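The structure appears right after this line, and notes come after that.
Remember, it's 1-based here, ligands and their atoms both numbered in the order they're listed. What you see is a predicted model; the values in this text were computed from it and never measured. No hydrogens, no waters, no symmetry mates; every other heavy atom, side chains included, goes into these values.
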Amino acid sequence: MSLPIYLIGARGCGKTTVGHLLSKTLGYAFHDTDHHLQTSLQCTIAQIVAEEGWESFRMKERDSLIAVTADSSVVATGGGIILRPENCQFMRDNGRVFWLSVEPDELAKRLDAEPENEQRPTLTGRPITEEMSDILKVRSPLYSSTAHHIIDATLPPQEVVDHILQVLSQQRA
Ligand code: ADP
Ligand code: MG
């Protein structure tokens, strides 16, 4: 049996990019909780947050996490998935969790290059580097304690995938 692989980390750390590549290499299905949430509800994350607030979004995000969880799949998660302790426990209990770790400056650079990519409102309206830095101060301990493995995701995507594959093969040995 091949347990689900969960990718966690901040917006822009490469969960979607690396997740696609990894799933192709393994012959696994690829799921993205943000994508699942938006297609199942037929609206954008920005709309859910604007109309129902962050708390409601977080509850729907949890439903998506559970819905996409299956053996032989790679699951890219939303950056804030770790804010609910039950999500952290769920991922740890049901699969292998990898934190794609990237410093705030690099995250900001990536997000600046594609600001509309996530269709998600910024949390504070402040410059993105400052915001990422503050967010990571709070979230890094949560990513760290949730992850079974921490991966340096500043490397090119294929190298990030190779590191994950290396870890998985050590697990299976
Ligand atoms: P996430 O799904 O974690 O928000 P994405 O996979 O959408 O992140 O990547 C965000 C942006 O960063 C995209 O423009 C992507 O091409 C770029 N990117 C992702 N991974 C890397 C990487 N390892 N090195 C350089 N750029 C990357
Ligand atoms: Mg993504």
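Comparing Ala113, Pro156, Gly12 by heavy-atom distance to atom 1 (P) of ligand 1, the nearest is Gly12.
Where the criterion is an N or O separation shorter than 3.5 Å, residue side chain and backbone included, Val18 fails it with respect to ligand 1. Of the N or O atoms in Glu106, none lie within a sub-3.5 Å distance of an N or O in ligand 1.
Heavy atoms of Ala10 come nearer than 4.0 angstrom to ligand 1 in at least one pair. For Ala153, the heavy-atom gap to ligand 1 drops under 4.0 angstrom. Judged by the shortest distance from any of its heavy atoms, Leu155 lies inside the 4.0 Å radius around the atoms of ligand 1.
Remark: Lys60 engages Glu52 in a salt bridge, criterion side-chain N to carboxylate O under 4.0 Å.
Among the atoms of Thr16, an N, O or S atom falls under 2.8 Å of the Mg ion (ligand 2).
When the options Asp34, Leu65, Leu7 are evaluated for a side-chain contact (heavy atoms from CB on, under 4.5 Å) with Thr77, the one that passes is Leu65. The side-chain contact (heavy atoms from CB on, under 4.5 Å) with Ser73 is formed by just one residue from the set Asp71, Thr69, Val75; it is Val75.
At a threshold of 4.5 Å between non-hydrogen side-chain atoms, the residues Ser140 and Trp99 count as touching.
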Determine all donor-acceptor pairs shorter than 3.5 Å in which one atom belongs to a side chain in residues 157-164; sequence neighbours excluded.
residue	atom	partner	partner atom	Å
Gln158	NE2	Asp162	OD1	3.2

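Each of the following atoms of ligand 1 lies closer than 4.0 Å to a heavy atom of Thr17: 5 (P), 6 (O), 9 (O), 15 (C), 19 (C). Heavy-atom proximity to Arg11, at under 4.0 Å, picks out these atoms of ligand 1: 4 (O).
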Trace of the side chain to side chain contact (heavy atoms under 4.5 Å, CB included) decision for Leu83 with Arg139: CA-CA 8 Å; Leu83 295 174; Arg139 295 188 181 177; 3.5 Å; yes
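Listed by chain and residue number, nothing satisfies the salt bridge (charged side-chain N to carboxylate O under 4.0 Å, His left out) test with Lys24 (two or more places apart in sequence, or in another chain).
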